[in-house]
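Working notes for the structure below.
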Amino acid sequence: MKHNFGAGPCILPQEVFKEASQAVIDFNNSGLSILEISHRSKAFEAVIEEAESLVRDLLAVPNGYSILFLQGGASQQFAMVPMNLLPQTGKAAYLDSGTWASKALKEAQKFGTVQVVASSKEANYTYIPKEYDVPTDASYFHYTSNNTIYGTELFETPKSSIPLVCDMSSDILSRKINVADFGLIYAGAQKNMGPAGVTLVIVKDDLLGKTGRDIPAIFDYRKHIEAGSLYNTPAVFAIYVSLLNLRWLKAKGGIEEIERENIIKARTLYDEIDRNPLFKGAAQAEDRSRMNVTFVMNNPELEKTFLALTEERGMIGLKGHRSVGGFRASIYNALTITSINALVDLMQEFAEKNA
Ligand SMILES: *Cc1c(COP(=O)(O)O)cnc(C)c1O
């Protein structure tokens with residue numbers, strides 16, 4: 001068994017892997033593999049309905065919002081959001097808090113005017129910009145709630161009189177949110193919800209159909225809503241594995257319980273980073289992410305040795321992203337405190353040896 005600290009595709013609970021592998025052989029004693037059943041079958045209808053109702057339940061999604069399971073990843077949403085929400089002559093506001101935010105706003109620029117309200121790029125995105133005004137004449141305000149690469153997270157929903165659009169790819173289902181504060185939420189499943197191949201979209205219905213743009217059907221949220229996420233063949237297996245993970249989360253006690261655990265996990269690791277003389281955090285303390293913990297060594301020459309040691313101990317995926325360096329521990333929902341403790345123990349051992 002490995003300790004999987006990878007940033008994505010991410011760790012999922014072992015029981016989810018077991019159930020998913022069983023379904024590949026024989027789905028619900030149907031004599032068919034989940035990989036060969038029709039997406040229009042009763043059996044799959046039940047899967048997608050349950051997945052939708054679990055998302056609705058776990059996140060307390062209010063009426064007036066549709067839940068979609070699409071493909072193309074969060075990157076496709078970078079384009080679909082402006083296509084569907086930004087009129088040709090209109091304007092959208094974006095917060096530039098990291099690589100993904102910056103990619104999102106570049107796509108929006110292809111569909112209309114983009115006003116970047118603030119950016120922390122000059123500081124290599126080590127913090128979340130806070131002092132800015134959201135223009136009232138823009139169609140929506142887009143931000144990224146968790147910056148997977150830099151390890152910063154925005155816990156307080158920004159104040160905005162225009163609809164909020166949020167990329168929650170890497171912190172969806174990790175903590176409580178108030179969906180009613182948002183016009184649209186999207187998340188590539190592979191960071192915290194399921195395997196790669198499916199993207200969750202939660203959209204307020206009355207925002208749609210106002211751009212005057214002739215949107216290709218496959219990129220039109222309304223088409224997917226009308227078809228109940230079955231406009232074309234959806235990612236059947238990825239949706240099924242997401243369902244298993246959603247069931248796991250619900251059985252565990254839902255968002256409240258996972259948030260409680262995530263707080264403890266993050267605190268345990270940050271406490272060690274702050275206490276240990278060899279390490280220091282990469283992001284500004286007040287904006288530290290609970291999902292992606294970025295840290296470096298005071299003596300960068302030791303980083304290679306430490307990384308090799310983590311691998312020897314079965315810890316996977318700790319090498320930092322090239323734009324930050326050092327280390328990144330992605331500690332998504334399914335990663336247990338046991339894995340955190342294994343890393344903390346190794347950091348302490350390493351500090352003793354290199355004192
Ligand atoms: C990984 C990631 C993306 C890109 O997701 P894809 O599904 O690979 O397109 C976008 N935004 C955030 C915050 C991410 O972590």
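Each ligand, and each atom within it, is numbered from 1 in the order the structure gives. Sequential numbering from 1 along the given sequence is applied to the chain's residues. The structure presented is a predicted model; accordingly, all values stated were derived computationally and were not measured.
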Worksheet item: By side-chain contact (heavy atoms from CB on, under 4.5 Å), which residues pair with Tyr132, not counting sequence neighbours?
Response: Leu95, Val117, Ala118, Val134, Phe141, Pro158
Discussion item. Name the residue from Phe27, Phe69, Phe44 that meets the ring pair (Phe, Tyr, Trp, His ring centres under 6.0 Å) definition with Tyr240.
Written reply: Phe27
Response to the item:
Residue set satisfying ring pair (Phe, Tyr, Trp, His ring centres under 6.0 Å) with His142, at least two apart, ordered chain then number -> Tyr94, Tyr186
Worksheet item: Do Leu86 and Thr211 have side-chain heavy atoms sitting under 4.5 Å apart?
Response: no
Discussion item. So if I only count non-hydrogen atoms and take anything under 4.0 Å from ligand 1, which residues does that give, chain by chain?
Written reply: Gly73, Ala74, Ser75, Phe78, Trp100, Thr144, Asn146, Thr148, Asp167, Ser169, Ser170, Gln190, Lys191
Item to complete: Any ring-ring contact (aromatic ring centres under 6.0 Å, His included) involving residues 188-217? Give me the pairs, sequence neighbours left out, ordered by first then second residue.
Response: none
Worksheet item: Any cation-pi pair here, Lys106 with Trp100, using under 6.0 Å and within 45°?
Response: no
